[in-house]
Amino acid sequence: MRILITGAGGQIGHDLIGALVAEGHELVSTDLAPRPPSHAHAGGDWQRLDVTDAAAVQHLFTECRPELVFHLAAILSASGEANPRLAYDVNQTGTWNVLEACRRARVNRLMFTSSIAVFGPPPSGPLPDPAPDDSPLHPGTMYGVTKVAGELLCAYYRKRYDIDCRGVRFPGLISAAMPGGGSSDYALFMYVDGVRKNGYEAFARADTRIPLMYMPDGVRALLELAMADRSKLTRTIYNIAAFSPRADEIATSVGRLLPDAKFTYKPDTIRQGILDSWPKAIDDAAARRDWGWKERFDLDGMTDDLVPRIRRMLELGAILSSH
Ligand code: AKB
């Protein structure tokens, strides 16, 4: 299948490209930046694309005529609070440009990556725990606001133009690839810095609990939903969940493999505020029912797989030993 990815230089793109190439798809990866060294192994074509540039998006989509688009380009929650205008341009205008280009270039299917950041505490009281798909959405960040709008635009384009838009609300994703400006990054750095620096001072409280997922499960979820039989799908966007540990439970899990690693907690006001506004857990019953979603990794399973993987990447120089 001919597939195009936007924002391919980010954390998800790193693993998604490998999975799509391994399945034999014809791939065009696009990003504002040139192919990063960490993606050097990945196959397929790489093209520069700024999703805020409507004409450029239209031109490339018309030239490539992809059958399926994975729209990953986004400014994440913490970076988005530092620069709300940029988050609006990339996430909101960028999604509009991608949807319009899909419509004009007659792309059949678009995969949208939404986030737990669409949730926020409703004015009437705390979020339900776990939060269902159809909880009222009260995001507190520009990232969350634009993800809600993106979800609604996907539903609109599906209904109005019959573009088969589908998407998942990702938990915080953990992998060995460097993240870019998310509030859930404390969890990832507990692994990466646990291995390379023997410890980490988290910017979150020890009792912080949000939904998390190991990247191989996240990529598999995207592929499974992208290929699912349309007649089985009852929604445009699905919650997907794996596990929801407290930060100090992650430390305990990592400590099983790295007993000398020291973890401390120094909450950063802005990022802690964002984390506290997100649900502690989400209900993904619809994804399980409609397309058979099921995570393969729990917290300890992820730790056992990821720690040796980070060690190997450090040895190969694929992650810097300091940052
Ligand atoms: C972020 O922290 O902003 C992202 C997310 C949870 O969507 N990782």
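FYI, side chains are in, hydrogens and waters are out, and symmetry mates aren't considered; it's all heavy atoms of this structure. Each ligand, and each atom within it, is numbered from 1 in the order the structure gives.
Counting only distance, with no hydrogens or angles, the side chain of R166 and the backbone of L225 share a donor-acceptor pair below 3.5 Å.
No more than 12 heavy-atom neighbours from other residues, nucleotides or ligands sit within 6.0 angstrom of CD1 on I270.
Sorted by first then second residue, the ring-ring contact (aromatic ring centres under 6.0 Å, His included) pairs that include residues 236-265, not counting sequence neighbours, are Y238-W291.
When only modelled atom types and interatomic distance are considered, D89 and T52 share no side-chain donor-acceptor pair under 3.5 Å.
In summary, the atoms of ligand 1 found under 4.0 Å from a heavy atom of S183, numbered by their order in the structure, are 1 (C), 2 (O), 3 (O). Here is the list of ligand 1 atoms found below 4.0 Å of a heavy atom in L76: 3 (O). Listed by number with element, the atoms of ligand 1 under 4.0 Å from a non-hydrogen atom of W278 are 1 (C), 2 (O), 3 (O), 6 (C).
Every heavy atom of A117 sits 4.0 Å or more from the atoms of ligand 1.
The nearest non-hydrogen atom to atom 5 (C) of ligand 1, considering only S114, S77, S115, A74, comes from S115.
Scanning the protein for heavy atoms near atom 8 (N) of ligand 1, the closest one is S184 OG, 3.0 Å.
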What pairs of donor and acceptor atoms, side-chain ones from residues 183-192 against any protein atom, are under 3.5 angstrom apart with sequence neighbours left out?
residue, atom, partner, partner atom, Å
S183, OG, S77, OG, 2.7
D185, OD2, G182, N, 3.0
Y191, OH, T303, OG1, 2.7

